Number of protein chains: 2
Amino acid sequence: MSTPGPRRITIKDVAELAGVGVATVSRVLSGGSASAETRERVLDAATKLDYRPSALGRNLRQQRSGGVALLVPDITDGFYARLCDGVLSCARSYREPVTIGVTGDDAEQEADLVGGLLEQSMDRIIAVPSGDGEMWASAVRAGLNVVFADRRVWSPGSHARTLDEVPAVLSDDRSGLRTAIEYLTGLGHRKIGFLARQGMNQRVAAFREAMGDLLDEDLVVFARASRDSAYAAAAGLFQRRADLTAVIAGGNMLGEAAVLAARELYVRIPRDLSLIMFDDVPWAELCSPPLTVIAQPASDVGYRAAELVLRHGRRPRTVSLPTELIVRSSCGPRR
Amino acid sequence: MSTPGPRRITIKDVAELAGVGVATVSRVLSGGSASAETRERVLDAATKLDYRPSALGRNLRQQRSGGVALLVPDITDGFYARLCDGVLSCARSYREPVTIGVTGDDAEQEADLVGGLLEQSMDRIIAVPSGDGEMWASAVRAGLNVVFADRRVWSPGSHARTLDEVPAVLSDDRSGLRTAIEYLTGLGHRKIGFLARQGMNQRVAAFREAMGDLLDEDLVVFARASRDSAYAAAAGLFQRRADLTAVIAGGNMLGEAAVLAARELYVRIPRDLSLIMFDDVPWAELCSPPLTVIAQPASDVGYRAAELVLRHGRRPRTVSLPTELIVRSSCGPRR
DNA sequence: AGTACTCATGGAAACGATTCCATCATCATT
DNA sequence: AATGATGATGGAATCGTTTCCATGAGTACT
């Protein structure tokens with residue numbers, strides 16, 4: 001079928017044409033020391049033959065394949081899409097390919113994916129973790145170079161030490177939530193709900209903390225990664241608790257579900273219910289009414305995470321990027 | 001820094017423990033012929049040692065690295081995000097990693113990316129092509145296994161033969177456009193504009209064709225890949241041609257820009273301007289007014305493309321997936 | 001019994017890079 | 001002039017797998 005084609009140009013060919021040994025060619029090409037004259041001859045030969053080093057050979061020798069892996073819960077979610085974009089744009093400047101996997105916020109799939117990466121000898125990975133500490137701790141011990149993005153893993157007990165070493169790039173949802181809740185309480189709201197997705201432990205914890213005395217545990221509900229599940233969670237909450245006057249959606253899919261469910265149930269926004277959504281997506285402004293949001297620097301999170309895993313130099317423990325409350329028209333005074 | 005750790009388990013270790021040669025182990029593990037007894041001994045040894053074959057070694061030997069590459073113009077665009085999702089979900093069932101690159105609809109970046117893939121010896125690639133036929137033809141000749149998704153390359157002249165061989169998975173925007181335009185003309189519209197992005201040649205051609213006599217070349221405008229550019233194109237069109245009564249946005253970013261620009265310029269939808277957008281994104285329903293759209297099976301396009309490149313069996317020339325006009329409230333009669 | 005054929009099997013040769021190590025030349029120091 | 005230090009250089013080993021080929025055992029057929 002495929003034509004046999006001209007044999008691939010290898011380092012050996014270059015060496016031969018330049019009249020030097022392969023070792024010298026390798027050194028010249030990877031910036032080792034060599035005399036000016038040899039260097040020129042090698043470079044000359046390489047361009048003359050249009051030599052492209054094979055990543056395969058290099059990888060095998062170095063016992064690791066280049067590139068970075070990126071694990072996100074759902075690439076269809078605008079937030080994670082922008083995060084990916086940030087990673088990709090940083091990686092491109094290093095000329096490193098990026099392998100993406102989606103976990104669906106499912107620990108098992110995540111473990112599967114990580115297994116696959118290990119098999120490929122990928123040793124650098126950026127992850128929005130869904131799984132337990134166990135898995136990630138063992139991945140780290142296996143020599144994987146992990147950077148967490150958007151959230152880190154809850155490290156219960158023995159793995160705490162290992163996992164606290166893992167750098168993470170987070171957005172400061174704690175302060176975002178605080179200002180959002182201040183805003184809502186300032187409008188008179190007391191019964192404030194929270195729509196969360198499984199795996200958003202940190203964000204939920206921040207919500208609980210920021211709510212203080214006002215916290216009603218029955219008002220925080222969890223959805224799985226799908227749109228349906230998000231809708232069900234939102235509709236369920238709205239129907240179950242008629243006294244609810246404000247709700248914070250932990251992500252844009254949750255926010256979308258909230259708007260839809262409210263519309264379906266004839267709950268008017270912001271008249272009957274105030275809504276704040278995490279993450280400023282372009283359609284938040286187009287929505288009716290335009291949504292008040294807690295904007296997150298999704299792309300920057302990805303970019304910084306990629307920098308951390310690629311530069312590999314200094315390793316700050318954790319960087320936290322600021323969020324911003326953008327007020328539009330989806331919140332009103334309590335009535 | 002990193003602990004030397006226990007040496008990797010290789011096929012040699014397995015062979016030794018099982019008391020057979022490495023060749024036999026390889027055969028057993030990759031489904032070759034072997035006696036029942038040997039097979040059992042090998043499998044036993046492999047599980048006992050928890051042996052994981054190294055993709056590196058295999059790749060070098062087979063002169064190709066596994067996995068698929070996927071090139072999209074912009075992962076932030078909901079349509080391409082869903083396309084990616086489709087590819088990923090198909091690839092996962094084959095346990096093949098997916099490397100994603102974004103081209104920004106730029107021929108040069110695309111060529112760069114392809115160069116990188118060649119260097120990695122990736123020989124399977126799914127692309128939403130932006131570049132010229134030249135580049136893709138040479139990629140195909142270099143032995144790359146290409147499948148186009150969403151659009152194919154315009155093949156002028158000599159490369160036509162090579163490129164027509166490349167399978168493609170498209171959505172049937174021709175028929176989508178036709179019904180959309182019938183719908184609009186049925187409402188009395190005559191001056192219908194088209195917002196396109198560079199690289200959408202096929203879609204623009206379909207628009208021209210479907211418009212027939214009504215076509216006014218001045219009403220089709222092009223934007224580059226960015227949000228700003230899309231906005232500028234939309235606003236420009238609206239300001240320049242006050243006689244415009246309907247517009248079709250060639251993608252959801254264009255649609256978003258159109259809504260925004262209309263709002264900014266006090267053009268009321270659908271009263272002053274009817275709008276139809278390509279691609280049904282979740283927010284189309286949340287928008288005010290809810291947008292009439294030409295729905296495309298983005299995820300299926302990705303999935304089928306992945307199937308084509310992974311199964312590698314029969315190669316149908318091109319598959320075309322149906323689109324659907326979903327009528328909401330963004331179109332009204334001409335006034 | 002001899003020949004031909006099938007099958008399981010293992011040794012060894014790729015694959016293409018990097019890198020260890022020995023060699024040799026050059027130059028400075030005593 | 002002898003010694004040591006420095007630096008450029010090339011041969012060969014190495015990474016872990018697949019696959020070619022030769023070997024030997026077993027079977028069927030003449």
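Every value quoted in this text rests on a predicted model; they were computed, and no experiment measured them. Each chain gets a letter, A, B and so on, in the order its sequence line appears, and its residues count up from 1.
A salt bridge is defined here as a Lys NZ or Arg NE, NH1 or NH2 lying under 4.0 Å from an Asp or Glu carboxylate O, and B:Asp105 with B:Arg151 meets this definition. Between B:Arg41 and B:Glu37, at least one side-chain nitrogen of the basic residue sits less than 4.0 Å from a carboxylate oxygen of the acidic one, meeting the salt-bridge criterion. By the 4.0 Å N-to-carboxylate-O rule, A:Asp13 lies close enough to A:Arg7 to be salt-bridged with it.
C:dA13 atom P lies 13 Å from atom NZ of A:Lys12, rounded to whole Å. Here the P atom of nucleotide C:dC7 and the CD atom of B:Glu37 are 19 Å apart, to the nearest Å. Atom CG in A:Leu60 sits roughly 9 Å away from atom C1' in C:dC15 (whole-Å rounding). Rounded to whole angstrom, the span from the CD atom of B:Glu16 across to the C1' atom of C:dT9 amounts to 17 Å. At whole-Å resolution of the value, CZ in A:Arg64 and P in C:dA17 are 17 Å apart. When the P atom of D:dG16 is taken as reference, atom CD of A:Glu119 falls 15 Å away, rounded to whole Å. Here C:dT19 presents its P atom at 12 Å from CD of A:Gln63, a figure rounded to the nearest Å. The separation between B:Arg7 atom CZ and D:dG16 atom C1' is 11 Å, rounded to whole Å.
Residue B:Arg58 places no side-chain atom within donor-acceptor reach of the base of D:dT18, judged by atom type and a 3.5 Å distance cut-off alone. Below the 3.5 angstrom threshold, one finds no donor paired with an acceptor across the side chain of B:Arg61 and the base of D:dT17.
Using a 4.0 Å heavy-atom cutoff across all strands shown, B:Gly21 reaches sugar-phosphate atoms only and no base atom. A:Leu56 comes within 4.0 angstrom of nothing in the nucleic acid, heavy atoms only. Among the protein residues, B:Ala34 comes within range of the sugar-phosphate backbone only, with heavy atoms under 4.0 Å from sugar or phosphate atoms but none that close to a base. Across all strands shown, B:Ser35 has heavy atoms under 4.0 Å from sugar-phosphate atoms exclusively, and none from any base. Contacts of A:Ser26 with the nucleic acid, taken as non-hydrogen atoms under 4.0 Å apart, include base atoms.
Taking every side-chain heavy atom of A:Ile11 into account, C:dA17 is the closest of C:dA17, D:dT18, C:dG16.
Judged by closest nucleotide on DNA chain C, B:Arg41 is the one of B:Arg41 and B:Gly57 placed further toward the 5' end. Toward the 5' end of DNA chain D, the nearer of the two residues B:Ser30 and A:Arg27, judged by each one's closest nucleotide, is A:Arg27. Along DNA chain C, the nucleotide nearest to B:Val22 and the one nearest to A:Ala23 differ in position, and the one closer to the 5' end is contacted by B:Val22.
Each of B:Val147, B:Leu321, B:Val87 was checked for a side-chain contact (heavy atoms from CB on, under 4.5 Å) with B:Arg304, and the lone residue meeting it is B:Leu321.
Considering only side-chain N and O atoms, B:Ser54 lies nowhere under 4.0 angstrom from the phosphate OP1 or OP2 of D:dT17. For A:Thr38, no side-chain nitrogen or oxygen approaches OP1 or OP2 of D:dA8 to under 4.0 Å.
Checking side-chain atoms of B:Ser30 against main-chain N and O of B:Ser26 turns up a donor-acceptor pair under 3.5 Å.
Checking A:Gln63 against B:Arg8 by side-chain atom types alone, no donor-acceptor pair falls below 3.5 Å.
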